[in-house]
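Single-structure report; data block below.
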Amino acid sequence: MKKIIIINGPNLNLLGKREPTIYGNLTFKAYYKDIIEKYKDVSFEYYQSNHEGDLVDKLHDVGFAYDGIVLNAAAYTHTSVALGDAVKAIETPVVEVHISNTFSREAFRHNSYISPHAKGVILGFGLQSYELAIQSFL
Ligand code: DQA
């Protein structure tokens, strides 16, 4: 059984409530439930933190044991050398995802410290971005 972890960064605990015109009305919990139902032969874990260091720690914890990491580092994508270095340091492939098309938004969202070290990047498909990333590991 493949082991895939979804890691969400800051403010993504507010999905469903946060800026619904950009991020939609669905909570991540509801979306995650559907994903688990749909991919029964995958062992999933979900982790969310608003704290940069905790996200680095989690990447270290899972980064040599899992088959795939789906990472939405949210705002830290654009600011965190530490998260970029962590993705570079681990062995498990990371697919970077974003709900919104960051390139159609403010210029500060166009840079990613994760992308150079990611296996691939999927963005702009709403929550479906996560599912496309999962499929890339199967
Ligand atoms: C995001 C895009 C980021 O620019 C933003 O800071 C987020 C969410 C997305 O999924 O579209 O928090 O990663």
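Just so you know, ligand 1 is whichever comes first in the structure, and atom 1 is the first atom listed for that ligand. Treat the numbers as computed from the prediction; the structure is a model and nothing was measured.
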Identify, for atom 11 (O) of ligand 1, the protein heavy atom at the shortest distance, and state residue, atom and that distance.
-> Ser100 OG, 2.6 Å
Whether Asn11 lies under 4.0 Å from ligand 1, heavy atom | no
Which residue owns the protein heavy atom closest to atom 6 (O) of ligand 1, what's the atom, and how far is it?
-> Arg109 NH1, 3.0 Å
Locate the shortest heavy-atom distance separating Pro10 from Tyr76; write the atom from each residue and the value.
-> CD-CD1, 3.4 Å
Could you list the atoms of ligand 1 found under 4.0 angstrom from a heavy atom of Ala75?
-> 6 (O), 12 (O)
Could you tell me which atoms of ligand 1, counted from 1 in the order shown, lie closer than 4.0 angstrom to a heavy atom of Thr102?
-> 2 (C), 4 (O)
Please name the pair of heavy atoms, one in Glu45 and one in Lys58, separated by the smallest distance, quoted to 0.1 Å.
-> OE2-NZ, 2.9 Å
Quick check: does any side chain N or O of Asn72 sit under 3.5 Å from a backbone N or O of Asn8, one acting as donor and the other as acceptor?
-> no
If you measure from each non-hydrogen atom of Asn72 to ligand 1, which part falls under 4.0 Å: side chain, backbone, both or neither?
-> side chain
Hey, what do you get for CG (Asn101) to CG (Leu123), rounding to the nearest 0.5 Å?
-> 5.5 Å
protein heavy-atom neighbour closest to atom 1 (C) of ligand 1 works out as His98 ND1, 3.7 Å
Does even one non-hydrogen atom of Arg18 get within less than 4.0 Å of ligand 1?
-> yes
Say whether, by atom type as modelled, one donor and one acceptor occur between the side chain of Ser80 and the main chain of Thr77 under 3.5 angstrom.
-> no
Proximity flag Thr77 to ligand 1, non-hydrogen atoms under 4.0 Å = no
Trace of the side-chain contact (heavy atoms from CB on, under 4.5 Å) decision for Thr27 with Tyr32 | CA-CA 9 Å; Thr27 64; Tyr32 183 56; over 6 Å; no
Please state which protein non-hydrogen atom is closest to atom 7 (C) of ligand 1 and give its distance, to 0.1 Å?
-> Tyr23 OH, 3.4 Å
Give yes or no for whether the N/O distance cutoff of 3.5 Å, strictly under, is met between Arg105 and ligand 1.
-> no
Could you list the atoms of ligand 1 found under 4.0 angstrom from a heavy atom of His78?
-> 3 (C), 4 (O)
Tyr130 ring center near Phe125 ring center (under 6.0 Å) | no
Min N/O separation Ile99 to ligand 1 under 3.5 Å = yes
Closest approach of Val97 to Ala133 (non-hydrogen atoms, all atoms of both residues) = CG1-CB, 3.5 Å
Rounded to the nearest 0.5 angstrom, the CD1-OH distance for Ile35 and Tyr46 is 12.5 Å
Ligand 1 to Ala74, heavy atom cutoff 4.0 Å, flagged ligand atoms 6 (O), 7 (C), 12 (O), 13 (O)
